[in-house]
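So that the names make sense, note that chain A is the first sequence line, chain B the second, and so on, each numbered from 1.
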Number of protein chains: 2
Amino acid sequence: MSVVRKTKSVNTLTTIFNESTSALSVVNLVNRLKSQMNKTTVYRVLERLENDGMLHSFIGVDGLKWYAKCTEDEETHQNHTHPHFQCNDCGKVECLDVTITIPAIKNKQIESANFLITGQCENCK
Amino acid sequence: MSVVRKTKSVNTLTTIFNESTSALSVVNLVNRLKSQMNKTTVYRVLERLENDGMLHSFIGVDGLKWYAKCTEDEETHQNHTHPHFQCNDCGKVECLDVTITIPAIKNKQIESANFLITGQCENCK
DNA sequence: TTGATAATGCAACAAAGTTGCGTTAAATTT
DNA sequence: AAATTTAACGCAACTTTGTTGCATTATCAA
């Protein structure tokens, strides 16, 4: 366990992710929580929650860092190769519950994979 | 055609990409060309070459922007859904010549896809 | 209740990328 | 070949994301 203390900041961010169905960018969180906590704290809490296995992170099309809650399966099996979908219109990012098969690549040792699909979400298309 | 003038900067960058088998990060190019051209110019030329269809760009694991030369097929068909491979040890990025099938996702309009696979390359594993 | 130390706030910093504007140099026209 | 047009460039200043060091605060266990 990397999160040893249940602080106010940890509780706030944990609640936000438990109540959210989509992924959230760090920038978004820093802005939203500006009055409640320092941006350094946001970065550090997210890092701890990821090490802890509660969240996983990835880079969006814009190069920004995003976090999303792991499923129970992911928390136990550490397998985070599901794709993410980012809407080009509203910017929303979701985890997709589909499996993408990575073909074997000769002479290379695969460690992890990031799949980012972009397009229009149900609200924007 | 977005590139209307064959300037010295355009020629320099075109040559670099024609002679390179792997993808190149903007940061790398800016550093390498520091004595020859301004970083703003590097950013702007790369943008033009991408609009022109000669290069394609994507975001690496670190959130940095990378560019790679398009294949002839891509230049004509505008299909850039091939995966990229980034070595976690030496940092090198390559385009992979394999096709990854994206499953249809209900209620969503897919526009493009970015696949970034990480691990160890032939030299580092 | 007290002591150890994880976590926070703050300020300063670093790096990637962008913008505005005056100047330079391609390409076109005369 | 000189003049004209304007795309492209250089430079400086700026924005944004993310990081670091250190003093202070708050959690948790003894």
Side-chain angles (χ1 to χ4, degrees), chain A residues 1-17 23-68 84 86 91-93 114 116, chain B residues 1-17 23-68 84 86 91-93 114 116:
Chain A
M1 268 280 195
S2 141
V3 174
V4 292
R5 295 188 186 181
K6 289 275 159 57
T7 65
K8 209 173 144 188
S9 305
V10 168
N11 286 332
T12 303
L13 281 162
T14 303
T15 305
I16 288 175
F17 277 97
L24 299 164
S25 73
V26 182
V27 172
N28 175 302
L29 290 167
V30 167
N31 281 329
R32 198 200 302 192
L33 299 171
K34 199 167 283 174
S35 59
Q36 298 174 58
M37 70 184 86
N38 191 272
K39 72 168 174 175
T40 312
T41 305
V42 177
Y43 280 98
R44 293 198 270 225
V45 170
L46 292 172
E47 197 178 32
R48 266 180 284 149
L49 293 177
E50 181 172 28
N51 290 338
D52 217 38
M54 180 198 163
L55 302 178
H56 63 278
S57 71
F58 55 94
I59 306 292
V61 271
D62 38 19
L64 298 188
K65 198 163 191 179
W66 291 72
Y67 282 89
H84 295 101
Q86 182 157 22
K92 195 172 84 169
V93 178
N114 287 289
L116 184 59
Chain B
M1 267 284 195
S2 142
V3 174
V4 291
R5 295 188 185 181
K6 291 273 161 57
T7 64
K8 209 174 145 189
S9 305
V10 169
N11 286 333
T12 304
L13 280 162
T14 302
T15 306
I16 287 175
F17 276 97
L24 298 164
S25 74
V26 182
V27 174
N28 174 304
L29 290 166
V30 167
N31 281 329
R32 199 200 303 191
L33 299 170
K34 198 167 284 173
S35 60
Q36 298 176 56
M37 71 184 84
N38 191 272
K39 72 169 174 175
T40 311
T41 305
V42 177
Y43 279 98
R44 292 199 270 225
V45 170
L46 292 173
E47 197 178 31
R48 266 181 282 148
L49 294 177
E50 181 172 27
N51 290 338
D52 217 39
M54 180 199 163
L55 302 179
H56 62 279
S57 71
F58 54 94
I59 306 291
V61 272
D62 37 20
L64 298 188
K65 198 162 193 179
W66 291 72
Y67 282 89
H84 295 101
Q86 183 159 21
K92 195 173 86 170
V93 178
N114 288 287
L116 184 59

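Rounding to whole angstrom units, CG of residue A/N11 and C1' of D/dA26 are separated by 13 Å. Rounded to an integer number of Å, the gap from B/L29 CG to C/dA15 P is 18 Å. Atom-to-atom, CG of B/L49 to P of D/dA8 comes out at 11 Å; the value is rounded to the nearest Å. A/N31 has its CG atom 11 Å from the C1' atom of D/dT16, to the nearest Å. Atom CG of B/D62 and atom C1' of C/dG17 are 14 Å apart (whole Å). Summarising the geometry, the separation between CD on A/E47 and C1' on C/dT8 is reported as 14 Å, rounded to the nearest angstrom. We find that CG of B/L64 is positioned 13 Å from P of C/dT18, with the value rounded to whole Å. At whole-Å resolution of the value, CG in A/N51 and C1' in C/dA6 are 15 Å apart.
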### Task
Please report the C-alpha distance between A/K8 and A/N11 in whole Å, then the side-chain angles of each, then the deciding distance to 0.1 Å, and finally whether the side-chain hydrogen bond (donor to acceptor under 3.5 Å, both in side chains) criterion is met.
CA-CA 5 Å; A/K8 209 173 144 188; A/N11 286 332; over 6 Å; no

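To the nearest 0.5 Å, atom CD of residue B/Q36 and atom OG1 of residue B/T41 are 12.0 Å apart. In this structure, CD1 on A/I16 lies 4.5 Å from CG on A/L33, to the nearest 0.5 angstrom. How far CD of A/Q86 is from CG of A/L64: 8.5 Å, rounded to the nearest 0.5 Å. Put simply, CG on A/L29 and CH2 on A/W66 are 9.5 Å apart, with the number rounded to the nearest 0.5 Å.
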Provide a list of protein-nucleic acid N or O atom pairs under 3.5 angstrom, restricted to nucleotides 23-30 of chain C.
from: C/dA26; atom 1: N3; to: B/R5; atom 2: NH1; distance (Å): 3.3
from: C/dA27; atom 1: OP1; to: B/K6; atom 2: N; distance (Å): 2.9

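By the 30° and 60° cut-offs, the orientation of the rings of B/F58 relative to B/H84 is parallel.
B/D52 places no side-chain N or O within 3.5 Å of a backbone atom of B/M54 that could act as its donor or acceptor partner.
Within residues 37-46 of chain A, the residues that place at least one heavy atom under 4.0 Å from DNA chain D are, in residue-number order, A/K39, A/T40, A/Y43, A/R44.
The two residues B/G60 and B/L116 make their nearest non-hydrogen contact at C-CD2, 3.5 Å.
Considering only heavy atoms from C-beta on, A/L46 comes within 4.5 Å of A/F17 through its side chain.
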